Amino acid sequence: MKTTNNFNAPSLVGIDELRPQSDGSATNIENFTVDPSTGAWDNRLGYEKFFASSAAYLPFTNQERIESLYVWNTHNSAKTYHLFEAARTGSTTSTLYYTVGNGPTGPTLETVRLGRTVPTNSEPATSFAPFGRFLIITNGHDQPAKFDGERLTPLGWQSIPGPVTPWRVDTDDGGIGNEQNITIGAPAGQTTNYLPEGFVQNIGLGSTTNDAKNAYKWKVSWVNETGSESPLSPGSELVTWVTPSGGTAFYRNRRNGVYLSDVPVGPSGTVARRLYRTMNLGDGATTDGNETYFFVAQINNNLETVYVDYTPDQFLVNLAPEATQSILFPAVSTRFSATFKGVLFIDGGQANSTRIFYSNPLSPDSFSSSSYFEVGVREGGDITGLFPYYNQLLVFRENSIEMIRGDSVNGFQITPFLSGVGTRAASTATTIPGIGVLFLGNDGIYRINGGLDGGSTIKVSKVSDDLVKTIKRINKSTVARATAAYSPKWREWHCYVPVDGEEKPSLGIVYHMDKDAWSLRTGFPVGCIATDQNGELIFGHNTGYIAGGGTYEAGLFVITRKRAAGYVVTGGDTYTDAAPPTAIYKSKWHDMKSAPTKKFVKYVYLHVVTKGDNTIPITYYMDFDYNGTTSSGEKMQRPDHADQGVYDLAAFDTSVWEEGMISTIRYPVAQKGSSYFGFKVETTNDIVLVGYTIEFSVDGTSTIRGKR
């Protein structure tokens with residue numbers, strides 16, 4: 001006996017590539033977002049130019065692939081920098097730029113640094129790490145640097161200051177070369193040859209005792225705009241003199257000032273120099289090993305090269321830093337950087353690929369000789385990224401994850417966190433409120449959530465099991481160029497990866513918080529992606545301008561609800577909107593709870609939000625066939641009511657604006673019996689798919705016996 005049945009999917013979830021598939025899931029979902037009012041799959045999206053009002057792709061006139069991108073907000077988000085790197089056509093090197101918004105002359109680009117290294121396809125993009133009012137920029141090739149919004153200056157101290165040159169003390173105004181007479185004399189207007197007792201005791205170097213031996217040495221350091229202090233210079237030459245007890249009365253038993261020349265000028269970014277000096281060494285019988293230096297003065301500029309030291313010993317209170325407290329920058333080829341607890345953490349680069357160095361507190365340029373961790377004593381491979389997460393710093397490695405905790409007061413500690421799970425795409429690590437950290441691992445997408453404080457625990461789970469086929473498509477040799485960002489506006493995490501042998505990101509994997517579900521993005525040329533302070537998803541083009549290539553896209557773009565997949569340049573400064581992205585919804589394979597029973601599908605009902613007169617067909621399939629049957633197209637209008645008004649047919653001041661309404665669109669299916677049934681919606685027209693119903697009948701027919 002034939003019976004009629006319905007399968008209802010009133011609400012839809014995401015892709016499920018496992019078999020069998022869960023109810024409400026889909027075999028494929030491409031280029032859909034979530035409609036916030038209905039929770040439905042909504043294909044009204046696209047992308048457009050970053051500077052929407054500019055002609056063609058200005059100011060991106062000859063930028064090729066965008067290699068890196070970072071959105072840096074300063075001044076409480078009142079000023080935003082969009083920093084990116086790209087090679088110009090015909091150049092073998094890259095340039096670091098930032099955008100300057102729509103001004104009187106239109107949008108422009110500010111060049112920060114020319115001649116930067118273009119990373120290979122297997123290397124990660126440049127790392128950006130905010131530190132106070134600076135942005136730390138490292139890429140493993142070029143000199144690590146920090147950006148203050150105007151200038152790019154070196155990170156860390158690449159050299160130490162040279163010693164100052166103290167002139168010999170002329171105790172009797174003899175005028176011999178390389179001597180200076182700076183005897184502390186009587187105050188102005190005083191005619192006596194003898195000074196008041198208090199003045200003699202408080203100004204000048206040396207002893208006032210008859211025939212006393214005096215000896216001093218100096219060191220100097222640089223201080224830059226971050227407040228970081230360089231390593232100290234070598235000690236100066238020893239200056240000695242004997243306190244006169246005879247001769248001209250004016251020079252007897254006097255203290256002296258010492259003239260210092262060749263005070264070293266520091267590198268770019270230096271704002272001050274600090275002088276340190278020994279106390280009186282007497283007969284000068286000393287070595288570098290037992291000299292003790294004290295702070296004397298700070299020269300608050302990077303210009304003057306002379307100084308007169310007349311600060312007496314009793315005013316020397318603060319000891320100079322130990323030689324181990326500030327060393328030359330320990331990792332000139334550092335690739336990854338992160339700020340954690342007011343300290344800058346960096347990796348050792350290719351030369352020390354399992355070592356992590358960390359700076360002195362609040363001083364990103366100063367590193368102590370003992371401030372490092374060596375993770376190579378444990379299995380896990382090279383360091384591949386650093387990522388701060390709540391009260392810990394995650395250290396990603398090729399096949400493991402370590403964790404740094406603590407602070408600069410009580411000390412930092414590093415401990416193993418997870419073995420067997422690592423990543424070569426640490427730039428995909430993203431914090432999502434209420435979710436934790438998502439990142440692309442070597443065999444899927446993982447989530448880290450929770451913490452270790454207040455009795456809580458930190459957990460790791462794999463969240464991409466439903467995407468088993470998609471994950472296998474990822475090109476592991478170039479996965480380091482994968483890129484990800486989270487948008488609170490869209491409530492989506494976007495991860496773009498190279499697949500099917502591609503060398504650049506070519507497929508987007510999107511996690512939708514509102515559905516706790518996955519979908520895919522195709523046709524979006526994302527080379528790198530970031531989120532601005534408004535939650536907008538901004539990306540750099542993965543190809544860019546091609547000389548002689550005719551039509552092209554170049555520069556930065558924004559994912560929006562504009563129904564166009566970018567633009568096509570038609571010549572000069574003229575361009576047209578490209579077609580909207582093609583949206584695909586392919587249902588799960590339905591066995592209607594009984595695979596052996598043959599089902600005769602009669603109708604597919606799509607539950608949609610009405611979207612006008614554009615027609616949308618469906619294609620239906622049976623028993624996992626690749627070729628399906630396409631139905632006639634149906635308008636997204638209510639079948640049993642008068643059509644709603646649409647944009648191009650509405651009359652001004654007459655037609656009434658109507659919101660889209662949930663309606664059911666019926667598609668007839670002419671199909672013989674099948675064990676499994678599926679359908680696909682593929683369109684560039686607007687559709688908001690809420691759910692669907694499949695009407696079918698059964699007559700007791702079952703699948704035939706297996707073949708021999």
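Only a predicted model underlies this, so the values are computations on that prediction, with no experimental measurement involved.
- Between E64 and R88 there is no salt bridge, since no side-chain N of the basic residue sits under 4.0 Å from a carboxylate O of the acidic one.
- Side chain to side chain, K341 and N391 meet the donor-acceptor criterion of an N or O pair below 3.5 Å.
- Donor-acceptor pairing under 3.5 Å is lacking for the side chains of R405 and Q413.
- Between the side chains of S519 and H512, at least one donor N or O sits under 3.5 Å from an acceptor N or O.
- Remark: the N139 side chain and the T117 side chain contain no N/O donor-acceptor pair separated by less than 3.5 Å.
- In the model, E503 has a side-chain atom that pairs as donor or acceptor with a side-chain atom of N121 under 3.5 Å.
- N73 and Y81 are not linked by any side-chain donor-acceptor pair at a separation below 3.5 angstrom, with hydrogens and angles left out of the test.
- Here K49 does not pair with E553 in a salt bridge; the nearest charged N to carboxylate O distance is not below 4.0 Å.
- The residue from F84, Y97, F50, Y545 that alone fulfils the ring-ring contact (aromatic ring centres under 6.0 Å, His included) condition with F60 is F84.
- Cation-pi check for K562 over Y47 is not met; the charged atom does not lie both under 6.0 angstrom from the ring centroid and within 45 degrees of its normal.
- Looking at E17 and T470, their side chains do bring a donor and an acceptor atom within 3.5 Å of each other.
- Side-chain atoms of T33 and W490 include no donor-acceptor pair closer than 3.5 Å.
- The distance from atom CD of E48 to atom OH of Y567, rounded to the nearest 0.5 Å, is 4.5 Å.
- Under the side-chain contact (heavy atoms from CB on, under 4.5 Å) criterion, V112 pairs with L96, Y98, F147, L152, sequence neighbours left out.
- Between T483 and the options V526, V497, T428, a side chain to side chain contact (heavy atoms under 4.5 Å, CB included) holds for only V526.
- Rounding to the nearest 0.5 Å gives a distance of 12.0 Å between OG of S464 and CD1 of I15.
- The pair R424-E123 does not meet the salt-bridge criterion, since no charged nitrogen lies less than 4.0 angstrom from a carboxylate oxygen.
- For the residue pair E492 and S487, no side-chain donor N or O sits within less than 3.5 Å of a side-chain acceptor on the partner.
- From Y585, atom OH reaches atom CD1 of I618 across 12.0 Å, with rounding to the nearest 0.5 Å.
- Atom NZ of K146 sits about 12.5 Å away from atom OG of S337, to the nearest 0.5 Å.
- Using the six-membered ring where Trp is involved, F557 and F539 have ring planes that are parallel, under 30° apart on the 30 and 60° scheme.
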### Task
Check the pair R113, D142 against salt bridge (Lys or Arg N to Asp or Glu O under 4.0 Å), reporting the backbone distance first and the verdict last.
CA-CA 11 Å; R113 179 64 57 85; D142 303 305; over 6 Å; no
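- Pairs passing the ring-ring contact (aromatic ring centres under 6.0 Å, His included) check and including a residue from residues 462-486, sequence neighbours excluded, do not occur.
- Partners of E536 according to the side-chain contact (heavy atoms from CB on, under 4.5 Å) rule, which considers only residues two or more places apart in sequence or in another chain, are K489, D532, N534, V558.
- Atom NE2 in H494 sits 6.0 Å away from atom CD1 in I529 (nearest 0.5 Å).
- Exactly one residue among D42, D686, D35 makes a salt bridge (charged side-chain N to carboxylate O under 4.0 Å, His left out) with R561. That residue is D42.
- Counted by atom type alone, S94 and E85 present zero donor-acceptor pairs between their side chains at under 3.5 Å.
- Note on E682 versus K680: salt bridge recorded, some NZ/NE/NH1/NH2 to OD/OE distance being below 4.0 Å.
- Salt bridge status for E502 with R473: absent, with no side-chain N to carboxylate O gap under 4.0 Å.
- Both tests do not hold together for K79 against W72: distance to the six-membered ring centre under 6.0 Å, angle to the ring axis within 45°.
- Salt bridge status for R397 with D382: absent, with no side-chain N to carboxylate O gap under 4.0 Å.
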